[in-house]
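Here is the structure we will look at.
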Amino acid sequence: MSTPQLEKTYDPKAVESRWYSTWSERGYFRASATHPGLPYSIVIPPPNVTGSLHVGHALNHSLQDILIRWRRMQGRNTLWLPGTDHAGIATQNVVEKQLMAEGASRESLGRERFIERVWQWKATSGNTIVNQQKQLGESCDWDRLRFTMDEGLSKAVLEVFVRLYEDGLIYRGERLINWCPRCLTALSDIEVEHEDIKGKLYSIAYPLEQDPSIALTVATTRPETMLGDTAVAVHPEDPRYNRFIGQRVRLPLTNRTIPIVGDSILVDREFGTGAVKITPAHDFNDFEAGERHRLPRLPIFDHQALLDLDALNTAGVEPELSTNIAGLTISKARPKIEQVLKDRQLLVKVEDHKMAIGKCYRCKTVVEPYLSPQWFVKIKPLAEPAIQAVEDGRIRIIPEGWVNNYLGWMRDIKDWCISRQIWWGHQIPAWYCETCNSGLFAKKVPIGASLTAHAFFTILQGATPIVARSAPTNCPTCGGNKFLRDPDVLDTWFSSGLWPFSTLGWPEQTPELKTYYPTSTLVTGLDILFFWVARMIMLGLKFMGDVPFRDVYIHALVRDAEGQKMSKSKGNVIDPLHVMDQFGTDALRFTLASMASPGRDIKLAEERIEGYRNFANKIWNAARFALMYLDGPRTEMPVAERSFPDRWILSRLNRTVEVVTAELEAYRFDRASSALYQFIWHEYCDWYLELIKPALQDPAHPDGPGTRQTLVDTLETTMRLLHPFMPFITEEIWQTIPHRGESIVIQPYPAPDNAGQAPEAEERFALLEQTVSLVRTGRVLLNYPPGQQIPFYVSHDDPSRHEQLRELQRYLGHLSRGTAEPAAQTVWPSTNLLRLVTEGLSVGLVVSGDVDLKKALDRIVKQQEEQEKEIGRLNGKLGNQEFVAKAPPEVIADHQNRLRGLHNDQTILASSERQLRAMLGT
RNA sequence: GGGCGGAUAGCUCAGUUGGAAGAGCGCUGCCCUUACAAGGCAGAGGUCACAGGUUCGAUCCCUGUUCCGCCUACCA
């Protein structure tokens with residue numbers, strides 16, 4: 001029979017798309033609640049529907065695919081559920097940018113047409129990332145692809161919102177929230193990124209109303225907010241100021257006076273001047289202080305964070321100043337106010353000051369605390385069980401280090417602001433009766449807005465919502481039938497928080513839900529631990545009564561080779577698709593897996609991927625080698641009857657199976673990869689294939705049939721072992737070599753087999769390797785070309801080892817390219833011989849021709865020096881009474897043995913040195 | 001401010017019941033030896049951040065210091 005031949009180098013492109021479509025067509029990735037086996041399920045962290053695959057996705061998805069393919073091969077009933085996220089603000093921003101380029105805006109389109117437009121954009125770009133995921137080889141059940149805005153998932157969102165509202169866990173209230181003046185929406189606390197900046201600390205004098213010659217000096221980083229001050233606070237126990245409590249100060253630049261209050265929470269006596277201005281409408285601390293002292297709130301910025309003329313007038317700001325700064329941004333207004341204060345000698349000093357500012361995580365605009373009515377989830381009652389679930393181990397977080405992080409955040413969690421003033425998303429199911437709430441619908445046109453900009457619309461605090469699954473027909477209070485729906489939509493994370501059960505059909509009780517919930521593992525990055533993971537746990541426990549997943553595996557962030565965060569603006573992004581095109585998908589996947597060490601970010605450089613491309617090629621060529629020599633009979637023999645190389649490689653393979661499986665169970669993708677790499681390259685290719693060449697190349701060799709069988713068996717098993725990591729090349733090779741079954745995807749994963757263990761063969765191999773390496777070293781020292789056949793002697797101090805050398809004779813000769821002569825050193829020639837020694841093993845290379853022995857002598861001398869040092873160290877330890885008295889006996893024995901061995905080696909080395917010097921004539 | 005993680009070969013990183021320092025890449029030398037030059041063979045290279053402590057013995061355990069990351073926080 002003739003065996004198929006492979007190309008000389010592996011060409012990933014020729015292989016990848018072909019196999020992926022085959023796998024899809026045959027439905028290998030399709031899950032069913034009726035499949036046999038213990039369920040194993042993963043829901044994918046849904047990427048942004050209009051995004052494209054970046055290297056962070058590639059890591060996240062590769063790890064999930066490894067787990068899923070591994071479990072599928074183990075016979076589990078696997079489901080990997082894919083999907084995408086509507087990413088409210090981000091997607092809306094993208095479409096708005098497109099509109100802007102066309103000279104339009106979302107306001108000019110109107111809500112309905114705008115949303116249509118976003119759906120269109122989703123239709124055109126939504127498949128991009130899905131196709132890229134397929135290129136990466138992801139074995140998702142694509143028939144179950146979900147999208148957070150799907151009808152079913154939207155129904156789940158509605159259901160959850162209404163039930164939470166009915167349970168009193170959702171409320172609407174006017175609060176100070178984080179507001180992005182560019183996106184024009186509220187953000188939750190965690191959507192704000194903090195950044196340290198060098199700011200200034202301004203000290204401003206506020207004269208006392210009763211005695212303007214005395215002034216309280218307050219310190220602030222935002223002088224412009226003084227216009228909205230409604231009090232000054234001092235510490236009630238501060239002797240410098242507490243006598244002023246109850247008096248009033250004139251608020252400079254306004255016609256107002258404001259009270260001096262005592263507040264021990266807000267005021268830190270050590271900081272600044274010890275007196276604090278209170279601006280309840282523009283600062284979170286001040287808001288709370290305002291609550292404590294029943295202070296009015298005077299906002300002075302509008303929703304675009306511009307100074308607002310009406311508001312300035314309401315705040316009693318001097319008219320001249322008001323007209324001067326109205327409509328300005330904060331950064332433009334600040335110097336003007338600073339100048340006026342300076343002119344009036346109220347600006348006491350300005351110092352440099354380190355501070356943090358918050359930025360919108362989507363657009364990086366500085367966020368403003370902004371007073372507005374919003375929807376909130378009362379979170380404590382939901383957080384409590386979610387803390388429990390992690391504490392009692394129903395959910396494992398891996399690596400464990402993040403547990404405290406999670407618990408700390410959960411214990412100190414704040415109510416979740418879920419309303420967003422955007423259009424793309426799940427609109428809040430709340431309606432307001434127009435009769436009962438008349439006067440509570442406010443419109444506002446931004447200052448300086450273009451004519452196309454429509455009014456900014458708000459439903460004021462105090463309006464009474466009717467929350468329902470569908471629009472109400474009659475008002476339960478007045479019977480009216482005209483309603484206005486709340487214009488806000490929900491935070492995208494509200495819908496992704498339901499992902500593990502909404503995607504399985506909830507609120508219907510589907511077979512899928514029964515079978516695959518709770519899911520087995522969640523694989524995600526640290527950056528969305530709070531955004532997403534925590535919310536899923538809370539909502540899963542609330543609505544399913546059980547955790548959404550058992551294990552949470554948190555992987556690292558992928559950075560560039562310098563450790564910088566990848567970003568488009570820095571231009572240091574590694575495009576996974578480009579890399580896959582250049583080096584092959586398997587190479588990228590294996591690279592990412594091999595670098596996924598817990599608790600450490602991945603610094604990715606292209607050279608690494610290139611290295612694993614080479615690894616793929618190595619595997620490819622091992623397969624080529626096997627195919628080349630496969631002609632001829634093959635015999636399945638009991639392990640004990642196989643040749644030494646066969647017993648050895650089977651033992652090593654078995655060990656590798658054990659290690660890879662155990663490491664995967666521990667989510668140590670890095671160690672699993674390195675075990676595979678080490679085995680395939682440095683044991684299978686470097687040694688095994690070399691060892692068996694004589695048996696394969698001689699058609700009459702007695703070991704031939706058994707060896708060919710072992711060669712195929714081990715290669716086939718190795719391909720299955722490697723398949724979850726490198727799905728494409730393993731399938732291609734597996735299909736080419738003798739195999740049973742239609743695809744490697746659905747073959748059983750190798751299981752460890754104790755019968756394969758051959759400690760005797762492994763021990764023998766260690767001696768073989770040591771001997772061959774020593775001979776090769778001698779070869780290099782003597783400058784013998786690799787091809788030259790050389791005669792050499794071998795011997796060992798240990799008689800049983802010496803006997804093994806005898807048995808290994810032909811392997812030694814073959815691997816060292818020469819003829820091995822096992823013989824006692826007493827019969828070795830006393831001249832023209834280079835003797836090398838290590839750990840009782842001696843080899844002697846015949847010196848012939850005109851060779852420079854200097855290199856050899858240098859090596860011997862250096863080895864002697866090193867060993868001297870080691871002997872000294874061991875002697876020191878063994879001479880130490882305390883060591884001998886307290887160290888365990890086996891350690892002492894080990895030290896003594898090593899010392900004896902070193903002494904023996906030294907004797908031989910000394911004689912070898914003498915011989916060399918004699919030959920050199922020195 | 002608080003918390004967490006890291007500091008090991010030129011680079012990127014492994015290394016748990018404390019008992020002779022590892023890998024990959026890079027580097028040097030020799031080889032196109034019919035599986036593979038995307039390769040083979042042989043090498044060089046480390047007081048395991050610093051200072052103490054515990055111990056017969058510390059890269060590993062404890063304390064402190066320095067540097068670098070990340071998370072978190074209302075010091076105006």
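Worth saying up front: this structure is predicted, and the values here are computed from it rather than measured. Lettering of chains follows the sequences in order, A, B, ..., and the numbering in each one begins at 1.
In this model, the phosphate group of B:A35 is approached by a side-chain N or O of A:Lys693 to a distance below 4.0 Å at OP1 or OP2. Within the structure, a side-chain polar atom (N or O) of A:Lys8 is placed less than 4.0 Å from OP1 or OP2 of B:A37. When the side-chain nitrogen and oxygen atoms of A:Arg608 are compared with OP1 and OP2 of B:C25, none of them lie within a distance under 4.0 Å. Contact between the side-chain N/O atoms of A:Asn614 and the OP1/OP2 oxygens of B:G39 is found at a separation under 4.0 Å. Listed pair A:Tyr677 / B:A23 fails the phosphate criterion, with no side-chain N or O lying under 4.0 Å from OP1 or OP2. Within the structure, a side-chain polar atom (N or O) of A:His682 is placed less than 4.0 Å from OP1 or OP2 of B:G24.
Taking 3.5 Å as the limit, the base of B:C36 and the side chain of A:Lys618 contain a donor-acceptor pair of atoms between them. Checked by distance alone, A:Arg671 brings no side-chain donor or acceptor within 3.5 Å of a matching partner on the base of B:A14. One can find a donor-acceptor pair under 3.5 Å joining the base of B:A38 and the side-chain atoms of A:Arg613.
Using Watson-Crick or G-U wobble geometry with both donor-acceptor distances under 3.5 Å, B:A38 finds no partner in any strand shown. Base pairing annotation: B:U65 forms a Watson-Crick or G-U wobble pair with B:A49, both donor-acceptor distances under 3.5 Å. Pairing partner, B:G57: none, since no Watson-Crick or wobble contact has both distances short of 3.5 Å.
Not less than 6.0 angstrom separates the ring centroid of A:Phe615 from the ring centroid of A:Phe725.
With rounding to whole Å, A:Trp402 atom CH2 is found 16 Å from B:G3 atom P. B:C25 atom C1' lies 10 Å from atom CE of A:Met595, rounded to whole Å. The interatomic distance linking A:Leu691 (CG) with B:G40 (P) rounds to 16 Å, in whole Å. For the pair A:Asn621 CG and B:A37 P, the interatomic distance rounds to 7 Å; values are reported in whole Å.
Taking the side chain of A:Asn285 as heavy atoms from C-beta on, and the options B:G39, B:A42, B:C74, the nearest nucleotide is B:C74. The side chain of A:His353 lies closest to B:A76 when the candidates are B:A44, B:G19, B:A76. Of the candidates B:A76, B:G43, B:G24, the closest approach to any side-chain atom of A:Thr221 belongs to B:A76. For A:Gln678, taking side-chain heavy atoms from C-beta onward, the closest of the listed nucleotides B:A20, B:A23, B:A14 is B:A23. When distances run from any side-chain atom of A:Asp196 to the nucleotides B:C13, B:A73, B:G24, the shortest one goes to B:A73. Distances from the side chain of A:Glu607 to the nucleotides B:A76, B:A35, B:C25 place B:C25 closest. Here the side chain of A:His194 is nearest to one of B:U33, B:A73, B:A20, namely B:A73. Comparing B:G43, B:A76, B:G19 by their nearest atom to the side chain of A:Phe271 picks out B:A76.
Taking 4.0 Å as the cut-off between side-chain N and carboxylate O, A:Lys414 and A:Asp189 do not count as a salt-bridged pair.
If you check every strand for non-hydrogen atoms under 4.0 Å, A:Asn880 touches sugar and phosphate atoms only. Among the heavy atoms of the strands lying under 4.0 Å from A:Glu690 is at least one base atom, whether or not backbone atoms are also near. A:Gly274 comes within contact range of at least one nucleobase, with a heavy-atom separation under 4.0 Å.
Side-chain atoms of A:Tyr684 and A:Thr714 form a donor-acceptor pair, as typed in the model, at a separation below 3.5 Å. Between the side chains of A:Lys877 and A:His895, a donor-acceptor pair is found at a separation under 3.5 Å. Donor-acceptor pairing under 3.5 Å is lacking for the side chains of A:Glu610 and A:Gln582.
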Exercise. Under the ring pair (Phe, Tyr, Trp, His ring centres under 6.0 Å) rule, what do A:Trp402 and A:Tyr406 come out as? Steps first, then yes or no, please.
Key: CA-CA 6 Å; A:Trp402 302 119; A:Tyr406 168 87; over 10 Å; no
